[in-house]
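Labels below follow one simple rule: chain letters A, B, ... track the order of the sequence lines, proteins then strands, and each chain is numbered from 1. Bear in mind that the values here come from a model prediction, so they are computed numbers and not experimental data.
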Amino acid sequence: MENQNLDDTNELIKRRFEELAELNNKGFDAFAYSYDVDNYSENIKNNFEELEQKNVKIAGRIMAIRRMGKASFTHIQDRDGRIQIYLRKDEVGEEYDAFKLMDIGDIVGVTGFVFKTRTGETSVHVKSITLLSKSLRPIPIAKESVDEEGNKVIHDQFADKELRYRQRYVDLIVNPEVKEVFKKRSAIVTTIRSFLDTNEFVEVETPVLQPVYGGAAARPFVTHHNTLDMDLYLRIADELYLKRLIVGGFDRVYEISKDFRNEGIDKTHNPEFTMLELYVAYKDYDWMMKFTEQMVEDVATKVFGKTEFEIDGTMIDFKGPWIRLSMVDSIKDATGVDITNTTSEELKVALKKYNIELADDVNNGKMIDELFGVAVEPNIVQPTFVVDYPIEISPLAKKHRTKEGLVERFEGYVLGREICNAFSELNDPVDQKERFMSQVELKEAGDDEASPIDDDYIRAMEFGMPPTAGLGIGIDRLVMLLTNQPTIRDVILFPQMRKEK
RNA sequence: GGGCGCAUAGCUCAGUGGUAGAGCAUCUCCCUUUUAAGGAGAGGGUCCCUGGUUCGAGACCAGGUGCGCUCACCA
């Protein structure tokens with residue numbers, strides 16, 4: 001809900017415009033060009049002994065002001081956190097007149113020496129203060145105190161979810177833990193890149209705008225290119241392009257990209273989301289399981305210094321090897337149904353026990369997947385690879401080398417949530433064409449998530465594609481787990497929202 | 001899409017049919033080591049929107065909008 005009334009008729013904003021005018025009248029520039037920062041709050045607090053009485057230049061946003069007549073304390077927030085500054089009228093001279101016109105929210109540059117106050121707080125004793133940017137809107141400031149046990153308590157924290165997501169810039173200013181999550185997200189992605197680099201991967205970029213979409217089961221966004229006068233789809237996956245590159249002779253490629261799916265929004269789904277896809281020639285899904293474990297363990301260790309995480313109150317250990325759970329066996333154990341030797345009638349009966357009724361024309365593969373989803377998936381806690389999926393729901397995966405009706409595919413689950421999907425990639429163009437044809441049949445029967453046929457992809461495969469293992473990891477969901485965030489919106493800076501009124 | 005819930009000052013929230021409230025923030029005055037600074041005073045409202053019920057609606061009813069939780073959907 002945007003506040004229509006928060007315009008310049010609002011007294012708080014009006015007041016700040018008046019201060020701006022007064023600053024200009026007195027010859028102070030309210031919007032500076034630069035400031036030569038040479039230190040940061042955290043560094044000063046961590047290295048007090050070395051820096052005591054030494055001069056520093058810092059800059060940041062005023063987050064608290066305690067004025068005491070001819071002297072004042074304020075807290076300045078820079079990229080790392082907050083530090084207190086102390087200024088006295090008799091030392092900063094006419095700058096004190098400008099300071100009187102500064103508010104919480106204003107961005108200032110400060111030069112002074114490091115000292116500790118009577119109460120022991122590391123602070124900067126200001127010799128000069130410069131306004132760098134006047135804040136014209138009041139920020140929803142919360143106050144902090146410390147309780148008897150020494151814990152930080154935040155009072156009246158800016159908490160309106162809608163405003164926090166719509167005005168993330170404000171959320172980031174006043175809720176420091178939000179910034180921490182996104183710093184961690186950045187470190188996770190950086191560490192993944194470095195891990196892949198060490199393993200001799202080539203990072204590539206493939207089209208976002210695709211004439212034929214594929215690589216996943218989802219409804220796409222459609223757009224139009226005017227000059228070419230053709231409809232284009234925003235990618236739902238990178239898969240088919242990356243495998244074309246495997247055909248072309250790159251033997252280890254990856255892409256970290258935004259994918260787009262025109263579907264529902266909830267705790268684990270945002271219409272645009274970040275996916276890591278990687279493909280490795282001459283390897284299969286067994287190799288990929290080990291590689292996935294290593295990569296996640298590497299990220300956990302390098303970014304967080306540990307492999308055990310408390311997530312939703314449960315201890316999760318990402319240290320490999322992860323549990324291997326056969327989809328066939330797990331369904332058999334949970335329901336008694338042997339999916340390798342079953343009829344659609346039997347599956348319907350099994351699903352009914354979970355109060356699930358699907359349309360009559362749904363194939364066995366979908367029913368099996370559904371059964372897995374209700375009978376097994378919610379009970380998975382520790383990192384687990386679920387292996388060997390029905391062929392009907394895996395049109396791009398290679399047939400299992402020994403098990404009829406299954407493909408060599410695994411998905412990684414943690415706490416009942418899917419975090420990755422991988423297979424031994426189908427590299428037989430004849431088989432691939434048949435799989436596409438059955439997808440087309442599904443689509444014609446009304447399945448709007450079934451894949452369209454991609455003739456160029458078949459053509460590429462006909463030139464010869466090496467045996468290949470492929471993996472997709474939802475970066476947002478991985479970050480959610482590692483940072484213990486309850487919704488995908490808390491790991492996406494600007495989550496999709498309805499139009500503001 | 002279904003169910004449940006929420007929407008009041010810049011922020012966090014009270015307000016159960018009869019004059020619109022508090023804390024913080026803001027403004028004025030005092031205050032040169034304070035820290036949820038303190039003391040004294042003041043200003044600030046489209047009670048989400050549109051209808052309805054009523055002598056009277058922030059409150060009750062209906063519809064709408066936005067958000068949250070949840071179920072379904074999302075291999």
For [X] and [N], what is the distance between atoms [atom1] and [atom2] respectively, to the nearest whole Å?
{"X": "A:Asp160", "N": "B:rG66", "atom1": "CG", "atom2": "C1'", "answer": "10 Å"}
{"X": "A:Leu351", "N": "B:rA72", "atom1": "CG", "atom2": "P", "answer": "13 Å"}
{"X": "A:Asp156", "N": "B:rG23", "atom1": "CG", "atom2": "P", "answer": "12 Å"}
{"X": "A:Leu371", "N": "B:rA75", "atom1": "CG", "atom2": "P", "answer": "17 Å"}
{"X": "A:Lys14", "N": "B:rG10", "atom1": "NZ", "atom2": "P", "answer": "14 Å"}
{"X": "A:Met102", "N": "B:rC27", "atom1": "CE", "atom2": "P", "answer": "14 Å"}
{"X": "A:Glu144", "N": "B:rA25", "atom1": "CD", "atom2": "P", "answer": "14 Å"}

OP1 or OP2 of [N] versus the side-chain N and O atoms of [X]: is any pair under 4.0 Å?
{"X": "A:Arg137", "N": "B:rG10", "value": "no"}
{"X": "A:Arg66", "N": "B:rA37", "value": "yes"}
{"X": "A:Arg498", "N": "B:rC67", "value": "yes"}
{"X": "A:Arg15", "N": "B:rA25", "value": "no"}
{"X": "A:Lys143", "N": "B:rA37", "value": "yes"}
{"X": "A:Lys267", "N": "B:rU70", "value": "yes"}

Original post:
So A:Arg435 and A:Lys399, side chain to side chain contact (heavy atoms under 4.5 Å, CB included) or not? Walk me through it.
Top reply: CA-CA 11 Å; A:Arg435 306 282 193 94; A:Lys399 277 176 187 153; 3.6 Å; yes
Nearest-neighbour nucleotide for the [X] side chain, [options] considered:
{"X": "A:Leu163", "options": "B:rC11, B:rA25, B:rU34", "result": "B:rC11"}
{"X": "A:Ala217", "options": "B:rG68, B:rA75, B:rU32", "result": "B:rA75"}
{"X": "A:Leu12", "options": "B:rA25, B:rC67, B:rC27", "result": "B:rA25"}
{"X": "A:Ser145", "options": "B:rA36, B:rA25, B:rU34", "result": "B:rA36"}
{"X": "A:Arg118", "options": "B:rU26, B:rG44, B:rU34", "result": "B:rU34"}
{"X": "A:Pro140", "options": "B:rA36, B:rC11, B:rG68", "result": "B:rC11"}
{"X": "A:Lys70", "options": "B:rC27, B:rC31, B:rG10", "result": "B:rC31"}
{"X": "A:Tyr86", "options": "B:rU32, B:rA36, B:rG68", "result": "B:rU32"}
{"X": "A:Ala71", "options": "B:rU32, B:rG44, B:rG23", "result": "B:rU32"}
{"X": "A:Arg166", "options": "B:rA37, B:rA75, B:rC67", "result": "B:rC67"}

Touch class at under 4.0 angstrom, heavy-atom based, for [X] against every strand present:
{"X": "A:Arg67", "value": "base"}
{"X": "A:Phe115", "value": "base"}
{"X": "A:Gln84", "value": "base"}
{"X": "A:Glu19", "value": "sugar-phosphate"}
{"X": "A:Ala64", "value": "nothing"}
{"X": "A:Ala159", "value": "sugar-phosphate"}
{"X": "A:Glu411", "value": "sugar-phosphate"}
{"X": "A:Phe158", "value": "sugar-phosphate"}

Identify the nucleotide, in any strand shown, that forms a Watson-Crick or G-U wobble pair with [N], with both distances under 3.5 Å; if there is none, say none.
{"N": "B:rG1", "result": "B:rC71"}
{"N": "B:rG51", "result": "B:rC61"}
{"N": "B:rU46", "result": "none"}
{"N": "B:rU16", "result": "none"}
{"N": "B:rC11", "result": "B:rG23"}
{"N": "B:rG66", "result": "B:rC6"}

Ion pair check, [X] and [Y], cut-off under 4.0 Å:
{"X": "A:Asp97", "Y": "A:Lys26", "result": "no"}
{"X": "A:Lys332", "Y": "A:Asp329", "result": "no"}
{"X": "A:Glu255", "Y": "A:Arg235", "result": "yes"}
{"X": "A:Lys366", "Y": "A:Glu370", "result": "no"}

Same-atom distance ([atom1]) from [N] to [M], integer angstrom:
{"N": "B:rU54", "M": "B:rA40", "atom1": "P", "value": "49 Å"}
{"N": "B:rU34", "M": "B:rU19", "atom1": "C1'", "value": "41 Å"}
{"N": "B:rC60", "M": "B:rG2", "atom1": "P", "value": "23 Å"}
{"N": "B:rG1", "M": "B:rG18", "atom1": "P", "value": "38 Å"}
{"N": "B:rC6", "M": "B:rA75", "atom1": "P", "value": "34 Å"}
{"N": "B:rA7", "M": "B:rG64", "atom1": "C1'", "value": "14 Å"}
{"N": "B:rA57", "M": "B:rC47", "atom1": "C1'", "value": "11 Å"}
{"N": "B:rG10", "M": "B:rU26", "atom1": "C1'", "value": "9 Å"}

Original post:
Are any side-chain N or O atoms of A:Asp238 and backbone N or O atoms of A:Leu242, one a donor and one an acceptor, separated by less than 3.5 Å?
Top reply: no
**OP:** Nearest-nucleotide wise, let me know which of A:Thr117 and A:Asn421 is further upstream toward the 5' end of RNA chain B.
**Re:**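 Of the two residues, A:Thr117 wins.
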Original post:
When the nearest nucleotide of RNA chain B is assigned to A:Gly69 and to A:Asp266 on a heavy-atom basis, which residue is associated with the more 5' position?
Top reply: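 On the 5' side of the pair lies A:Gly69.
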Original post:
Could you go step by step and tell me if A:Ser72 and A:Tyr96 meet the side chain to side chain donor-acceptor pair (under 3.5 Å) rule?
Top reply: CA-CA 10 Å; A:Ser72 295; A:Tyr96 208 79; 2.9 Å; yes
Original post:
If you draw a 6.0 Å radius around CD in A:Gln53, do more than 12 non-hydrogen atoms from other residues or ligands fall strictly inside?
Top reply: yes
Original post:
Looking at A:Ile331, A:Val328, A:Thr335, which one forms a side-chain contact (heavy atoms from CB on, under 4.5 Å) with A:Phe372?
Top reply: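 Only one of A:Ile331, A:Val328, A:Thr335 forms a side-chain contact (heavy atoms from CB on, under 4.5 Å) with A:Phe372, namely A:Ile331.
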Original post:
Taking N and O atoms by type only, does the side chain of A:Asn10 place a donor or acceptor under 3.5 Å from a partner on the base of B:rG10?
Top reply: no
Subject >> Donor-acceptor pair under 3.5 Å, A:Asp90 side chain vs B:rU32 base >> reply: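 For A:Asp90, whose side chain was compared with the base of B:rU32, there is a donor-acceptor pair (under 3.5 Å).
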Original post:
Pick from A:Phe423, A:Tyr413, A:Phe291, A:Trp322: which one makes a ring-ring contact (aromatic ring centres under 6.0 Å, His included) with A:Phe385?
Top reply: A:Trp322
